[in-house]
There are 2 protein chains.
Amino acid sequence: MLREPQQERSRTTRRRLIEAAMDCIGERGWHGVTVAVIAERAGVSRGAAQHHFPTRESLVAAAVELLGEAQLDELRTRAAGLPSGPSRIERVVGMVLNLYTGPMFRAALQLWSVASTDEQLRGVIVPLEARVGREAHRVTVELLGADESRPGVRELIQATLDLARGLGLANLLTDDARRRDQIVCEWARTLEARLEGTAEV
Amino acid sequence: MLREPQQERSRTTRRRLIEAAMDCIGERGWHGVTVAVIAERAGVSRGAAQHHFPTRESLVAAAVELLGEAQLDELRTRAAGLPSGPSRIERVVGMVLNLYTGPMFRAALQLWSVASTDEQLRGVIVPLEARVGREAHRVTVELLGADESRPGVRELIQATLDLARGLGLANLLTDDARRRDQIVCEWARTLEARLEGTAEV
């Protein structure tokens, strides 16, 4: 019983460090960020930060994992509130195609970009991204009620997530929301036609 | 007549600087690169480099433009050699969805990523990307023989190019060619169905 509050404090500290890390990387880029900078932003002592995360890489790994999961949890929660019926697919497609338009994607992109020339960071990022990517795929299949045993459905769901990342990229330097809305509408119509008969809505 | 060879030399120097810039940025990232580093890689004196491109930004702007155009020229040339008939759409879709899987995209991504936190670079990149993006759209419409006056066609072509950039991202840290081939096949089938009656092949 005595250890509970301490464990909780520890979790809070980790969480604050992770959020500060993604904020700092998103704003200044990977090269502008050290564990000390992140600790300061999180309001945590440098020693405590280094106790939890000895390297920038370990902090980033935890961040990619935790924030990826948080994003998918949010997607699930929001989708659970959607009515069934014909408008459901468009709403779900809208959520998925908006997944990568926030500051989290901006930070992740900094990491991918650096990891493409930094082997150590790549070794951390690749397996994590694979795991988060598989989970995003699973959630999307579930929310669309898609039947992946039908030929082509698996690839269309993958394409939907790749499209989402491409739209994230298009939104990086300018606000692309209007154009994206039209693509959501058209892609929902296309998916609906291709998934026809497999949706459990 | 006397000035021709000099103009040509000048063009060659610019071209070498541009190619060296993209190589250097792709390998070391934006932060690891200066005009001096690029000049050395190009085998051009630092003075000559600074004569052509006073800043790193101006060099990069020229690079994005020239290499974007070169890539689309290549796409046009390769597509011109394609037979007409039902396999044409899949071949064109394959080319478009492979557009962003090379070292050029890796370098561009470094720039986008930096530009997202660097206002000066963003001011250079945004209008250029818009121009190169419009041109990529135009070429894709032309090669697919798509009729954009039909509702939804414009958005599907845009989605195809956003998907291509998303696939470029997925290919950044690992070789994603096998998965991408399957998406090409499925996306081509989807486009074929939606463009039906508009293809002039």
Side-chain angles (χ1 to χ4, degrees), chain A residues 25-32 97 100 103 105-118 121-123 125-126 129-130 133 151-156 158-170 172-174 176 179-187 189-191 193-194, chain B residues 25-32 97 100 103 105-118 121-123 125-126 129-130 133 151-156 158-170 172-174 176 179-187 189-191 193-194:
Chain A
I25 292 168
E27 284 167 22
R28 308 183 188 200
W30 174 254
H31 294 279
L97 295 189
Y100 304 107
F105 180 75
R106 208 171 298 264
L109 202 62
Q110 297 272 354
L111 295 177
W112 288 337
S113 164
V114 174
S116 80
T117 61
D118 177 328
L121 187 61
R122 185 162 61 229
I125 296 288
V126 167
E129 279 303 335
V153 169
R154 184 175 165 72
E155 288 74 17
L156 283 178
Q158 289 183 334
T160 302
L161 284 158
D162 287 304
L163 172 60
R165 291 187 197 97
L167 288 170
L169 214 46
L172 188 68
L173 303 182
T174 50
D176 193 40
R179 194 186 70 97
R180 190 169 61 246
D181 282 348
Q182 297 176 319
I183 291 177
V184 164
C185 168
E186 205 45 47
W187 185 240
R189 211 182 303 182
T190 306
L191 262 190
R194 293 293 314 270
Chain B
I25 293 168
E27 284 167 22
R28 308 183 188 199
W30 173 255
H31 294 280
L97 295 188
Y100 304 107
F105 179 76
R106 209 171 297 265
L109 202 61
Q110 297 272 355
L111 295 178
W112 289 336
S113 164
V114 174
S116 79
T117 62
D118 178 328
L121 186 60
R122 184 162 62 230
I125 297 288
V126 167
E129 279 303 336
V153 168
R154 183 174 165 74
E155 288 75 17
L156 282 179
Q158 289 184 334
T160 302
L161 284 158
D162 287 305
L163 172 61
R165 292 188 197 97
L167 289 169
L169 214 47
L172 187 69
L173 303 181
T174 50
D176 193 39
R179 194 186 71 96
R180 190 169 60 246
D181 283 348
Q182 296 176 317
I183 291 179
V184 164
C185 169
E186 209 43 49
W187 192 264
R189 211 182 303 181
T190 304
L191 268 189
R194 292 295 314 271

**Report entry** Under 4.5 Å from a heavy atom of chain A, the part of B/L173 involved
**Finding:** both

**Report entry** Residue among A/V114, A/T190, A/V126 with most heavy-atom pairs under 4.5 Å to chain B
**Finding:** A/T190

Query raised in the report: Between atom CD of A/Q182 and atom CZ of B/R154, what is the distance when rounded to the nearest 0.5 Å?
Result: 8.5 Å

Requested in this report: Counting only heavy atoms closer than 4.5 Å, note whether B/W112 contacts chain A via side chain, backbone, both or neither.
Outcome: both

Query raised in the report: In terms of heavy-atom proximity below 4.5 Å to chain B, should A/L109 be classed as side chain, backbone, both, or neither?
Result: both

Query - Interface moiety of A/L97 toward chain B, non-hydrogen atoms closer than 4.5 Å - result: neither

Query - Pairwise side-chain contact, A/E186 with B/Q158, heavy-atom cut-off 4.5 Å (strictly under) - result: no

Requested in this report: With rounding to the nearest 0.5 Å, note down the distance linking CZ in A/R180 to CD in B/E155.
Outcome: 14.5 Å

Requested in this report: Examine the side chains of A/R28 and B/T117 and answer whether a donor and an acceptor come within less than 3.5 Å of each other.
Outcome: no

Requested in this report: Just give me the residue among B/T174, B/L161, B/L156 that pairs up with chain A most often, heavy atom to heavy atom, under 4.5 Å.
Outcome: B/L156

Report summary line: Correct closest heavy-atom pair for B/I183 and A/A159 would be CG2-CB, 4.0 Å

Query raised in the report: Below 4.0 angstrom, N of the basic side chain to O of the carboxylate: do A/R179 and B/D162 qualify?
Result: yes

Report summary line: The interface call for B/A115 against chain A, heavy-atom contacts under 4.5 Å, is both

Query - Considering all heavy atoms, the nearest B/R106-A/S116 contact - result: CG-OG, 3.9 Å

Query raised in the report: Heavy-atom distance under 4.5 Å to chain A: side chain of B/Q110, backbone, both or neither?
Result: both

Report summary line: Pair count under 4.5 Å, heavy atoms only, with chain A: among B/G152, B/P151, B/C185, highest is B/G152

